[in-house]
Amino acid sequence: MDQIILKSQSQALVPLSTKPVIPDYLKKTYHWAYIDPTTVSWLDRGIIVWAILWGNSRRLMKSAFEEIKPGGRVLQAAYVYGDFSPNLARHVGENGQLDVIDIVPLQVENCRRRLKGLPQAKVRLADAAAPGGGPYDGICCYFLLHEMPHEKKVEVIRGLLDNVAPGGKAVFVDYHKPVRFHPLGGIMNLIWRKLEPFTMDLLETEISTLAGGDDAFTWSKQTFFGGLYQKVVATRR
Ligand SMILES: C[S@@+](CC[C@H](N)C(=O)[O-])C[C@H]1O[C@@H](n2cnc3c(N)ncnc32)[C@H](O)[C@@H]1O
C-alpha cells in the first residue's frame, strides 16, 4: 500500500496510512460534479447548493451545527460546496479543531482554499470509510450517503461511528423519503433516478439500520420540508 504525507492547511504534516483512490461510483456517476475541474469551478457556490436543496441549505446546515459542540474535535466526512466548511470551522471555534476529509484531490484543494485564515481547520485526503484521526467529539456527514452504493454506505457509517468519542455524536444529514403527494416528489424522483441513483435505497432504509442497530449508540431522527430531508444523530453512550 502507498504511504503518503500531505501538507495540511497550517503546513503541519499529516501522515496518512494509505493513499485512497477515487472509487468507481464517483468516477462513473459524479465525475461531472466532483472530478471535472471545469464544472466544479462553477458548482462550488452557495447559491447552487441553496437551489439544489430548494432553499433549505441554511436551515439544514444550522440544524447539523446544533449537534456539534464548539471547542471540540470535529470531523467533516466530505467537502460540501458553498460556505459549509468555513461556517463549521467558525462554529467549532479557535479552541476546537475541525478536520475535513475528501477522497478527491481537487475537492481537498477547493476546501483548503475555502478554509484559508481559519487555523483551527485542516483538510486531508481520506476515504470516509476509514477516516482515521479519531476519536472525535462530533462527526458531520452531510449529503454524502445518498451518493454511494449500499455496501459503501454501510462501510462509511461504520468507519465514522468507530471514530466517535464516548459521549460524542455523529450527525447524518441527507435525503429522506418525502410524504405522499409532496409537491416536489415527482421531480425529485426523476432527478434521483437519472442523476443520483444511489439515493433510492436511502429512502427505504433507516440510517440506524444501515449501522446494524449498533446499541453502543442512542439514535434520534428528525425530518424536514415534508420529509424530503432527514437529520439522524447517533450519540455514543
Ligand atoms: C458531501 S458529498 C455531497 C455534498 C453536496 N452535494 C454539496 O456539495 O453540496 C460530496 C463530496 O463527497 C466526496 N466523497 C464521495 N465519496 C467519498 C468518500 N468515500 N470519502 C470521502 N469523500 C467522499 C466527493 O468527492 C465530494 O467532494
Side-chain angles (χ1 to χ4, degrees), residues 6 16-37 39-61 63-64 75-88 98-115 122-134 136 139-163 170-175 188 191-192 195-199 202 207 210 228-231:
L6 280 184
L16 298 179
S17 52
T18 56
K19 180 180 177 181
V21 289
I22 300 180
D24 281 348
Y25 66 84
L26 265 188
K27 284 195 211 148
K28 286 188 187 143
T29 314
Y30 289 105
H31 185 275
W32 62 276
Y34 303 122
I35 301 170
D36 181 349
T39 44
V40 165
S41 59
W42 66 265
L43 283 175
D44 189 2
R45 291 160 206 258
I47 185 78
I48 301 277
V49 180
W50 180 86
I52 288 173
L53 296 177
W54 301 105
N56 288 280
S57 51
R58 293 267 141 201
R59 181 185 179 201
L60 293 171
M61 178 166 67
S63 183
L75 174 71
Q76 184 187 321
Y79 179 55
V80 175
Y81 286 157
D83 54 8
F84 187 94
S85 300
N87 283 340
L88 182 53
L98 173 65
D99 290 351
V100 185
I101 58 168
D102 202 284
I103 204 161
V104 175
L106 177 63
Q107 299 300 340
V108 169
E109 290 314 313
N110 266 347
C111 186
R112 222 167 252 167
R113 205 172 42 246
R114 288 259 180 198
L115 289 171
K122 292 185 174 59
V123 191
R124 58 187 167 85
L125 191 68
D127 186 337
Y136 289 99
I139 296 185
C140 194
C141 183
Y142 194 80
F143 286 95
L144 175 64
L145 295 179
H146 77 279
E147 294 189 348
M148 40 188 55
H150 183 86
E151 285 316 311
K152 190 72 185 186
K153 286 184 179 79
V154 171
E155 281 173 35
V156 164
I157 294 169
R158 190 68 269 149
L160 296 179
L161 291 180
D162 286 348
N163 279 278
V171 186
F172 301 89
V173 175
D174 221 306
Y175 288 116
M188 286 312 298
I191 292 170
W192 290 328
L195 291 176
E196 308 217 73
F198 306 124
T199 309
L202 192 59
I207 291 174
L210 292 171
L228 185 55
Y229 308 110
Q230 62 181 321
K231 175 175 82 173

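Order of listing sets the numbers, starting from 1, for every ligand and every atom in it.
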Exercise. Of all the non-hydrogen atoms in the protein, which one sits nearest to atom 8 (O) of ligand 1, and at what distance?
Worked result: Tyr81 N, 2.9 Å
For this session: Please report which non-hydrogen protein atom sits nearest to atom 14 (N) of ligand 1, along with the residue it belongs to and the distance in Å to one decimal place.
Result: Leu144 CD1, 3.6 Å
For this session: Just go through Asp44, Asn110, Leu26, Ile103 and tell me whose heavy atom is the nearest to atom 22 (N) of ligand 1.
Result: Ile103
Seminar exercise, completed: Looking only at non-hydrogen atoms, the one of Ile22, Leu125, Asp102 nearest atom 26 (C) of ligand 1 is Asp102
Seminar exercise, completed: The option among Tyr142, Tyr34, Tyr25 carrying the non-hydrogen atom nearest to atom 6 (N) of ligand 1 is Tyr34
Problem set entry | Shortest protein contact, atom 12 (O) of ligand 1 (heavy atom only) | Ala78 CB, 3.3 Å
For this session: Mark yes or no for whether Tyr229, through its side chain, and Leu53, through its backbone, hold a donor-acceptor pair below 3.5 Å.
Result: yes
Exercise. Do Leu115 and Pro86 have side chains that get closer than 4.5 Å, going by heavy atoms?
Worked result: yes
Exercise. Just by distance, do the side chain of Arg58 and the backbone of Trp50 share a donor-acceptor pair under 3.5 Å?
Worked result: no
For this session: Note the single closest protein heavy atom to atom 11 (C) of ligand 1, along with its residue, its atom name and the distance in Å.
Result: Tyr79 O, 3.4 Å
Exercise. Going by the angle between their ring planes, with limits at 30° and 60°, are Phe198 and Tyr25 parallel, tilted or perpendicular?
Worked result: perpendicular
Exercise. Should Ile101 be listed as contacting ligand 1, given a heavy-atom distance under 4.0 Å as the test?
Worked result: no
Exercise. Hey, are the side chains of Leu202 and Leu210 touching, using non-hydrogen atoms and a 4.5 Å cut-off?
Worked result: yes
For this session: Taking only heavy atoms of Met148 into account, list the atoms of ligand 1 that are under 4.0 Å away from them.
Result: 16 (N), 19 (N)
Exercise. Ligand 1 and Val49, any nitrogen or oxygen pair closer than 3.5 angstrom?
Worked result: no
Problem set entry | Option from Tyr79, Tyr81, Tyr34 for which side-chain hydrogen bond (donor to acceptor under 3.5 Å, both in side chains) with Asp44 holds | Tyr79
Exercise. Tell me, which protein residue and heavy-atom name are nearest atom 9 (O) of ligand 1, and how many Å apart are they?
Worked result: Val80 CG1, 3.6 Å
For this session: Provide the number and element of each atom of ligand 1 under 4.0 Å from a heavy atom of Lys152.
Result: 19 (N)
Problem set entry | pair Arg113-Val123: side-chain heavy atoms closer than 4.5 Å | no
Exercise. Can you list the atoms of ligand 1 that are under 4.0 Å from a heavy atom of Val104?
Worked result: 25 (O)
For this session: Please confirm whether Ala77 comes under 4.0 Å of ligand 1, counting heavy atoms of the residue only.
Result: yes
Problem set entry | Pairwise side-chain contact, Tyr30 with Asp36, heavy-atom cut-off 4.5 Å (strictly under) | no
Problem set entry | Sub-4.0 Å heavy-atom contact, Ala126 with ligand 1 | yes
Problem set entry | Nearest non-hydrogen protein atom, atom 3 (C) of ligand 1 | Phe143 O, 2.9 Å
Problem set entry | Under-4.0 Å salt bridge between Glu109 and Arg112 | yes
For this session: Just jot down the ligand 1 atoms closer than 4.0 angstrom to any heavy atom of Glu147, in number order.
Result: 2 (S), 3 (C), 6 (N), 10 (C)
Seminar exercise, completed: Closest to atom 20 (N) of ligand 1 among protein heavy atoms sits Ala128 N, 2.9 Å
Exercise. Do any N or O atoms from the side chain of Lys153 and from the backbone of His146 form a donor-acceptor pair under 3.5 angstrom?
Worked result: no
For this session: Using a strict 4.0 Å cut-off to heavy atoms of Asp127, name the atoms of ligand 1 that fall inside it.
Result: 18 (C), 19 (N), 20 (N)
Problem set entry | Any donor-acceptor N/O pair, Asp102 side chain to Gln107 backbone, under 3.5 Å | no
Problem set entry | Charged N-O contact under 4.0 Å between Asp24 and Lys152 | no
